[in-house]
Novice: 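A single structure is presented below for examination.
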Amino acid sequence: MLAFGLVTLALSVGGVSSAATGFVSPPAELFSPLVGQKVLKTAQSLTNPPQYPQYTDRDEGNWIWFVPDQWTAGFFPATLYAMHERTKLCGTQTVSGSHWLELGRAWSTGEIPSETHTGVGHDVGFLSYPFMDELKVYACYFCFCRVWEDEVHVRFRNPKNETAIQAVNAFANHLAGRFSPIVGCTRSWDSADPTDFQVIIDNMMNLEVLFASEALTGNHTLRDIAISHADKTMVNHIRADGGSFHVVDYNSTTGAVIRQRTSQGYADNRHAWGIYGFANMYKHTRKVDYLQTARKMAKYWITNTPSDGIIPWDFNAPLVPPRPADSSAAMIAANGLLLLADQELSILNVTGAAYYTAEVIKMLDANTKLAWRPAWQSLLANGTVNNPQHNNLTGIVYGS
Ligand SMILES: *[C@@H]1O[C@H](CO)[C@@H](O)[C@H](O)[C@H]1NC(C)=O
Ligand SMILES: *[C@@H]1O[C@H](CO)[C@@H](O)[C@H](O)[C@H]1NC(C)=O
Ligand SMILES: *[C@@H]1O[C@H](CO)[C@@H](O)[C@H](O)[C@H]1NC(C)=O
Ligand SMILES: *[C@@H]1O[C@H](CO)[C@@H](O)[C@H](O)[C@H]1NC(C)=O
Ligand SMILES: *[C@@H]1O[C@H](CO)[C@@H](O)[C@H](O)[C@H]1NC(C)=O
Ligand SMILES: *[C@@H]1O[C@H](CO)[C@@H](O)[C@H](O)[C@H]1NC(C)=O
């Protein structure tokens, strides 16, 4: 649920009315009919057995397809749910909302076998998003497109869908099964030496499924696991300057930190997920430490953004040769900052909310203008998956 289409959605539901605050408007591309047209075209290419788009080639922007048991398989179905919600809220799309919902359901179905057999590790959390979308009633405070009353009515999909309930609970149990009480975290990556317990900052995004399953089952152990994981991550992944390590290796026998390191270079999209993850933890727990951490990480992001507003694949990479941009990091950070803005609003900090929303709009404007490619299958170009492996300047399903 972290795509350009979703930023559009978040701006429609989480943003602050521009008329009320005098903000600059979001870039017009966000509301272009091309958004719906491109997503629909991809949606209509569902195959049997299904394959899921992850990123595009670098020249023509055509999707490269992956098997369903991949950490990214949930993003496209979740984008379809986002289109459903966007249509309901904004009412501007040519495709009807019910059609988006049907497509979202059809595209989720291929993920069901991963409930019992999966190699994605902690990323079962990412696989859960479309199923959580099927069940979810979103809470939000303001809406760009419509007024309050509409929101409360349109946001239900099917909160009683048994297939989705089962998927959320199965994925949550799978993630909970990766929890070590000694380390205090869920294991992100498996490793050859099982005592080398690797946790990556991205794991913060996967905690949502634990809260969703707690809400469905009343099992508070799942919440306790999420809180323990976030508390440890706050101490060991987040640096004093608000930056973050990508990977922390713990010793599963002793719980001690073995090393803090990066993988794939620094990779800014990792940091962006941290902003979202801690704002989300605050939303669920109201623990002030999480809000402070999200703010600190947001500050690092905003301070390190270059003056042209283009997010590079790595803030610390040398300027020569030119650093490839990462529009996916920009879109993920936009989501994180909007969620943080929502949290500020929830404590009536209108100044804080206005500040983050204005930063988001600036970032969207610069990065969308750079990466907008009408002919590409993805919504945006200029995404970087893994620069050390030369996977740069593509369209990315989690950022586009
Ligand atoms: C429930 O969700 C599943 C998986 O997303 C979908 O295949 C199914 O059509 C949905 N059923 C109903 C009754 O909405
Ligand atoms: C709650 O969830 C935990 C973690 O998955 C599990 O070990 C425990 O059995 C569950 N409790 C109940 C009552 O289902
Ligand atoms: C973890 O600690 C145990 C006990 O001290 C040790 O045998 C093991 O090699 C350590 N593992 C790693 C990956 O450092
Ligand atoms: C954006 O992508 C295009 C190729 O699609 C490339 O020529 C350009 O250099 C990229 N810009 C940045 C800042 O990465
Ligand atoms: C409002 O939000 C800003 C930005 O996060 C923060 O610096 C400030 O302390 C917050 N004010 C209050 C009263 O919480
Ligand atoms: C981007 O990827 C291409 C090959 O896919 C590689 O030649 C180039 O060095 C990469 N760019 C940077 C700045 O690392």
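Numbers for residues simply follow the sequence, beginning at 1. Since we're looking at a predicted model, the values are computed, not measured. Start at 1 and go down the list; that is how both ligands and their atoms are numbered.
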Novice: Purely on distance, is any nitrogen or oxygen of Asn382 under 3.5 Å from one on ligand 4?
Specialist: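 Such a contact does occur with ligand 4.
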Novice: Name the orientation class of the two ring planes belonging to Trp107 and Tyr52 (parallel below 30°, tilted from 30 to 60°, perpendicular beyond 60°).
Specialist: perpendicular
Novice: For Ala381, which part has a heavy atom under 4.0 Å from ligand 4: side chain, backbone, both, or neither?
Specialist: neither
Novice: Ala176 heavy atoms, cut-off 4.0 Å: which ligand 2 atoms fall inside?
Specialist: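 Going through ligand 2 atom by atom, the ones under 4.0 Å from Ala176 are 4 (C), 5 (O).
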Novice: With only distance considered, is Ile310 within less than 3.5 Å of ligand 4 through an N or O on each side?
Specialist: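 By distance alone, the answer is no.
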Novice: What atoms of ligand 4 come within less than 4.0 Å of a heavy atom belonging to Ala325?
Specialist: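 Answer, ordered by atom number: 12 (C), 13 (C), 14 (O).
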Novice: Test of understanding: with ring-ring contact (aromatic ring centres under 6.0 Å, His included), list the residues that count as partners of Tyr282, not counting sequence neighbours.
Specialist: none
Novice: Might you list the protein residues in contact with ligand 6, defined as having a heavy atom under 4.0 Å from one of its atoms, sorted by chain and number?
Specialist: Arg58, Pro322, Pro324, Asn387, His390, Asn392
Novice: For the pair Trp71 and Tyr398, name the ring-plane relationship: parallel under 30°, tilted 30 to 60°, perpendicular over 60°.
Specialist: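 Tilted.
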Novice: Can you say whether the rings of His246 and Trp189 are parallel (under 30°), tilted (30 to 60°) or perpendicular (over 60°)?
Specialist: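 His246 and Trp189: perpendicular rings.
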Novice: Do the side chains of Asp241 and Arg239 get close enough for a salt bridge, i.e. N-O under 4.0 angstrom?
Specialist: yes
Novice: Check whether Trp372 forms a cation-pi arrangement with Lys38 (NZ or CZ under 6.0 Å from the six-membered ring centre, at most 45° off the ring normal).
Specialist: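 Yes; both conditions hold, so Lys38 lies above the ring face of Trp372.
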Novice: My understanding is that only residues two or more places apart in sequence, or in another chain, count here; which of them pass salt bridge (Lys or Arg N to Asp or Glu O under 4.0 Å) with Arg105?
Specialist: Glu134
Novice: Taking ring-ring contact (aromatic ring centres under 6.0 Å, His included) as the test, write out the residues that go with Phe211, two or more places apart.
Specialist: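 For Phe211 the ring-ring contact (aromatic ring centres under 6.0 Å, His included) partners, ignoring immediate neighbours, are His284.
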Novice: Look at Arg270 together with Asp314 and state whether they make a salt bridge at an N to O cut-off of under 4.0 Å.
Specialist: no
Novice: Which of the numbered atoms in ligand 2 are below 4.0 angstrom from a heavy atom of Asn173?
Specialist: 5 (O)
Novice: With heavy-atom distances below 4.0 Å as the criterion, list the atoms of ligand 4 near Arg373.
Specialist: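 Those qualifying, in numeric order: 1 (C), 2 (O), 3 (C), 4 (C), 5 (O).
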Novice: Tell me whether the rings of Phe126 and Trp273 are parallel (<30°), tilted (30 to 60°) or perpendicular (>60°).
Specialist: tilted
Novice: Can an N or O of Thr221 be found at a distance shorter than 3.5 Å from an N or O of ligand 2?
Specialist: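 N/O-N/O distance under 3.5 Å: no.
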